[in-house]
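Before any comments, here is the structure.
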Amino acid sequence: MRLTDLPINTLKEVPSDAEAGSHQLMLRAGLIRQLASGLYTWLPLGMRVLNKVKKIIREEMNNAKALELTMPVVQPAELWVESGRWEEYGAELLRLQDRHNREYCLGPTHEEVITDIARHELKSYRQLPVNYYQIQTKFRDEIRPRFGVMRAREFVMKDAYSFHIDENSLLEGYHLMKEVYSNIFNRLQLTYRIVQADSGTIGGNKSEEFHVLAQSGEDAIAYSEKDGFAANIETIPLHPSNTKLAEPTEELKLVETPQVKTIKELCSFIKVKPEQCLKTLLVQGTDTPAVALILRGDHELNGVKAQNLKAVASPLRMLNTSEAKGATGVETGFLGPKDLKIPVYIDYSAAVVSDFVCGANINDHHYTGVNWKRDLPMPELADLRNAVAGDPSPSGNEPLSVAKGIEVGHIFQLGQKYSQAMKATVLDDEGKPRTMFMGCYGIGVTRVIAASIEQNHDEKGIIWPSAIAPYDVIIIPINMDKSYRIRETTEELYKKLQESGYETIMDDRSQRPGVKFADADLIGIPHRLVIAEKSLDQGQLEYKHRRSNETEMVPIKNIIKILKEKQL
RNA sequence: CGGGGCAUGGCGCAGUCUGGUAGCGCAUCUGCUUUGGGAGCAGAGGGUCGGCGGUUCGAAUCCGUCUGCCCCGACCA
């Protein structure tokens, strides 16, 4: 493609809305443009990347005998009522009505539709197992779209659904998909990790997530290299600490702390570390207006774990400041476990802190040098927090490391949740109807692209992995307008590369070299070939890989051979 | 949905406090020069200052209201 035929509108300045690195680069390189909150147009350059990702996914899915189909984006409410999710799914499901006031939704996922297809199309166990998939636009009315295409409302997803006669077959299908996903993410040249996960609203039994490791990730993943364990920090059960409670060394002291309401403020006000402070959170109780949960200052409450306590109302609800004050008589910043007149639970790790700092249950006051047993009785212990780096791995005693991840894939063993609700049965070898077992498998296609950029960029721009680069090669002629030789050589080279199957950009714009170099770097084309007078005399051109800092002179006539060698 | 911020040419911003001729950089177009890392000079086009209502002789600026977008928290591929 000649750049005179392909308008690439690269931006020097960063659009002020873009926060994440990948979002900024996608806008600057002209891959996408925002239409409204969470809605993006894929421009021609971005579209090429999108198509490459789709192609890889299709090839690997087809290899595994999965069958491609396409289901409607708009789905009738009846199916969702039948599965129970019309009520369950909540505000994220965008509901709409047609001219006859019939109810529909925009598909955030397609379990209902595919189960409906399966119950009509699949009659016999002889037809199983089957895996249907599609690559299609989904809509989820996210509360807060952000990071561009990373969390958009409209996005492209590859979703696959498998149908099985029994649990064993489901397991086989699940493991096959796990392998297929690994192949896909390997081909996409992503650094990723497979993580144990919660199945959330989709439901079912076991599920695993594929996370691309990146600083900007929204999920925190705990892992241990040695035993190969990895899980979302929210899903890891934690046990009572082996640490012994140390003997008190400080006197209990009441300290005036005016307006000091957060752990951060407290730490700088009285010069302690967060792990030496205990924080008190109030949630709604089952039979009481309030239950107090005590955590170490540096730890995070885990909602699912807290919700599992009998005394805590489900679903979990934090009290707002006025309710909290009503239940305790104290402002929220000054709550503490000592002399608190409501049910109290304490996280295991908070129970082994001695000489700690906590709210005094008196406005504008905290205690320092507080010790369990000496100054107050030990409350009931529980596992209340998210795992952090250094916690022991559940599968051994290795300390866990924590990394940020972007969820790009999720595989589920759904079981019979949908097939049962929607009566999807086949006849078995005795002619009896049997409810099918299902698996479902998603890949965030558009998110994969953002994730790839998060992992592959530098201060100049994107560095595409060869597998998904919009073009393989860019030719930059220097002073083409003035030199017939340059033009001629460039045209010849362009033709030769195209014929050899390389997707090539030729920058034939009348721009200064600096502009061309900057654009080439920004849009991240892997191989750069520069044609200039000085090297032409030797029959050479300059080769540079986007990832490398070095250029080298190579003979023009050997260029195809050289590109082949560089392909890795 | 709760908390915060922003809305002025395609993009990034100033001007708003203290009402009085709408401005800068980038981008775009024309011409000349320039051509190995986002050029220089000369010229040009492009804005009902998010919408509606109000105050005023006069509103980008003050008041009210609505809308959109972004950021921080609870959801997910």
Side-chain angles (χ1 to χ4, degrees), chain A residues 7 9-20 23 27-28 30 33-39 57 89-93 108-110 135-160 181 197-202 207 209-212 218-219 232 234 300-301 303-304 315-318 320-321 405-412 440-451 460-461 476-483 486 509-522 528 530-535 542 544 551:
Chain A
N9 201 359
T10 54
L11 307 175
K12 242 188 263 187
E13 284 167 306
V14 182
S16 64
D17 297 0
E19 189 77 359
H23 187 194
L27 289 169
R28 288 223 292 134
R33 290 290 180 252
Q34 176 171 8
L35 178 65
S37 179
L39 305 177
I57 292 173
Y89 213 93
E92 218 174 287
L93 188 64
T109 171
H110 281 70
I135 297 178
Q136 193 218 35
T137 297
K138 299 279 188 266
F139 191 94
R140 293 185 188 172
D141 201 355
E142 293 281 350
I143 301 165
R144 187 150 96 81
R146 63 181 127 173
F147 302 147
V149 114
M150 195 103 88
R151 175 179 301 279
R153 292 194 294 176
E154 193 177 292
F155 59 98
V156 177
M157 175 163 141
K158 189 285 304 179
D159 47 328
Y181 271 41
D198 245 356
S199 21
T201 47
I202 302 209
S207 84
E209 293 169 346
F210 288 72
H211 280 264
V212 165
E218 294 185 82
D219 293 295
N232 196 301
E234 294 171 12
E300 224 171 51
L301 179 70
V304 176
L316 183 81
R317 198 175 69 81
M318 299 281 292
N320 62 38
T321 46
I406 301 165
E407 185 187 351
V408 290
H410 202 159
I411 54 177
F412 298 82
C440 84
Y441 319 93
I443 292 179
V445 179
T446 37
R447 183 182 279 183
V448 155
I449 294 169
K460 289 179 185 163
I476 299 184
I478 306 287
N479 233 337
M480 179 161 110
D481 293 338
K482 289 256 178 74
S483 164
I486 301 282
R509 297 176 298 175
S510 312
Q511 286 285 1
R512 296 166 62 84
V515 175
K516 297 188 180 188
F517 290 142
D519 275 344
D521 288 341
L522 179 57
R528 187 183 84 184
V530 180
I531 311 228
E533 282 284 358
K534 59 182 179 186
S535 54
E542 178 195 284
K544 180 179 171 299
T551 60

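Here is the naming used below: chain letters follow the sequence lines, and residue numbers restart at 1 for every chain.
- Of the C1' atoms belonging to rG68(B) and rU30(B), the separation is 37 Å, rounded to the nearest Å.
- Here rG20(B) sits opposite rC57(B) as a Watson-Crick or G-U wobble pair (both hydrogen-bonding atom distances under 3.5 Å).
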Name the pairs: protein N/O against N/O of nucleotides 45-47 of chain B, kept only if under 3.5 Å.
none

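- Between rC6(B) and rG15(B), the distance separating the two C1' atoms is 16 Å to the nearest Å.
- Using a distance-only test at 3.5 Å, with no hydrogens or angles considered, no donor-acceptor pair links the side chain of Tyr441(A) to the main chain of Lys158(A).
- Nucleic acid contact for Gly514(A): sugar-phosphate only, since backbone atoms but no base atoms lie under 4.0 Å from a heavy atom of the residue.
- Ring-to-base geometry does not place Phe517(A) in a stacked arrangement with rG38(B) (centre distance under 5.5 Å, plane angle under 30° required).
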Atom pairs under 3.5 Å: protein N/O with N/O of nucleotides 66-70 of chain B:
unit_1  : atom_1 : unit_2   : atom_2 : d
rC69(B) : OP1    : Ser37(A) : N      : 2.9
rC69(B) : O3'    : Gln34(A) : NE2    : 3.4
rC69(B) : O2'    : Asp17(A) : OD2    : 3.4
rC70(B) : OP1    : Gln34(A) : NE2    : 3.0
rC70(B) : OP2    : Ser37(A) : OG     : 2.9

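- Mapped onto RNA chain B by nearest heavy atom, Lys534(A) and Val445(A) fall at different nucleotides, with Lys534(A) at the one closer to the 5' end.
- At the heavy-atom level, Asp219(A) lies under 4.0 Å from base atoms of the strands shown.
- Of all non-hydrogen atoms in Lys138(A) and Met157(A), the two that sit nearest each other are CG-CB, 3.7 Å.
- Rounded to whole Å, the separation between the P atoms of rG46(B) and rG2(B) comes to 44 Å.
- Counting all heavy atoms, side chain and backbone alike, Pro108(A) lies closest to Tyr89(A) at CB-OH, 3.8 Å.
- When rounded to the nearest whole Å, the span between CZ of Arg28(A) and P of rA27(B) equals 13 Å.
- For Lys158(A) and rA77(B), the shortest distance from a side-chain N or O to OP1 or OP2 is not below 4.0 Å.
- Computed from coordinates, the Glu142(A) CD to rA77(B) P distance equals 10 Å when rounded to whole Å.
- Base contact: Ala152(A) has a heavy atom under 4.0 Å from a base atom.
- Under the Watson-Crick or G-U wobble criterion, with both distances below 3.5 Å, rG38(B) is left unpaired in every strand shown.
- Separation of the P atoms belonging to rG54(B) and rU61(B) is 14 Å when rounded to the nearest angstrom.
- The separation of rG5(B) from rC24(B), taken at their C1' atoms, amounts to 24 Å, rounded to a whole angstrom.
- Using N1 to N3 plus N6-O4 or O6-N4 for Watson-Crick, or N1-O2 and O6-N3 for G-U wobble, each under 3.5 Å, rA74(B) pairs with nothing.
- Proximity note for Val515(A) (side chain, C-beta onward) versus rA77(B), rC26(B), rA39(B): the nearest is rA39(B).
- Across the protein-nucleic acid pair, Asn479(A) atom CG and rU33(B) atom C1' stand 13 Å apart, rounded to whole Å.
- Ile486(A) and Ala532(A) make their closest contact through CD1-C, 3.5 Å (heavy atoms, listed as atom of the first residue, atom of the second, distance).
- Regarding Ile449(A), its CD1 atom lies at a distance of 18 Å from the P atom of rA77(B), rounded to whole Å.
- Note that CG of Asp521(A) is 11.5 Å distant from OG1 of Thr10(A), once rounded to the nearest 0.5 Å.
- On the P atoms, rG73(B) is 37 Å away from rC26(B), given to the nearest whole Å.
- Residue-to-nucleotide contacts include no donor-acceptor pair under 3.5 Å from the side chain of Asn9(A) to the base of rG10(B).
- Between the CZ atom of Arg509(A) and the P atom of rC29(B) there is a distance of 12 Å, rounded to whole Å.
- On a pure distance criterion of 3.5 Å, no polar donor-acceptor pair joins the side chain of Gln511(A) and the base of rG38(B).
- The nearest whole Å value for the distance from the CG atom in Asp519(A) to the P atom in rG38(B) is 12 Å.
- Side-chain atoms of Asp521(A) come within donor-acceptor range of the base of rG37(B), with a qualifying N/O pair under 3.5 Å.
- Within 4.0 Å of Val14(A), counting heavy atoms only, lie sugar-phosphate atoms of the nucleic acid but no base atom.
- When the nearest nucleotides of RNA chain B are assigned to Asp481(A) and Thr446(A) by heavy-atom distance, the more 5′-ward of the two goes with Asp481(A).
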With a 3.5 Å cut-off and sequence neighbours excluded, list the donor-acceptor pairs that the side chains of residues 142-156 of chain A form with protein atoms.
unit_1    : atom_1 : unit_2    : atom_2 : d
Glu142(A) : OE1    : Arg151(A) : NH1    : 3.3
Arg151(A) : NE     : Glu218(A) : OE1    : 3.4
Arg151(A) : NE     : Glu218(A) : OE2    : 3.3
Arg151(A) : NH2    : Glu218(A) : OE2    : 3.2
Arg153(A) : NE     : Ser37(A)  : O      : 3.0
Arg153(A) : NH1    : Asp141(A) : OD1    : 3.2
Arg153(A) : NH2    : Ser37(A)  : O      : 2.9

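- When every heavy atom of Glu209(A) is checked against every heavy atom of Asn232(A), the shortest pair comes out as OE1-ND2, 4.1 Å.
- Across every non-hydrogen atom of Ser207(A) and Phe412(A), the tightest pair is CB-CD2, 3.6 Å.
- In this structure rG9(B) sits in no base pair that meets the Watson-Crick or G-U test at under 3.5 Å.
- The distance between atom CZ of Phe147(A) and atom C1' of rC76(B), rounded to the nearest whole Å, is 14 Å.
- When the C1' atom is used for both rA27(B) and rG47(B), the distance is 16 Å, rounded to whole Å.
- Close to rA39(B), at under 4.0 Å from its OP1 or OP2, lies a side-chain N or O of Arg512(A).
- To the nearest 0.5 Å, the span separating CZ on Arg509(A) from CG on Asp481(A) amounts to 12.0 Å.
- Distance check, rounded to the nearest 0.5 Å: CZ of Arg512(A) to CD1 of Ile478(A) gives 11.0 Å.
- Taking atom CD on Glu13(A) and atom P on rA27(B), their separation rounds to 9 Å, with Å as the unit.
- The heavy-atom pair separating Arg140(A) from Thr109(A) by the smallest distance is NH2-CB, 3.9 Å.
- Under the 4.5 Å side-chain criterion, counting only non-hydrogen atoms from C-beta, Val530(A) is in contact with Phe517(A).
- The listed nucleotides are rG36(B), rA77(B), rG37(B); the one nearest the side chain of Arg528(A) is rG37(B).
- Using atom C1' as the reference point in both rG51(B) and rC11(B), the two lie 23 Å apart (nearest Å).
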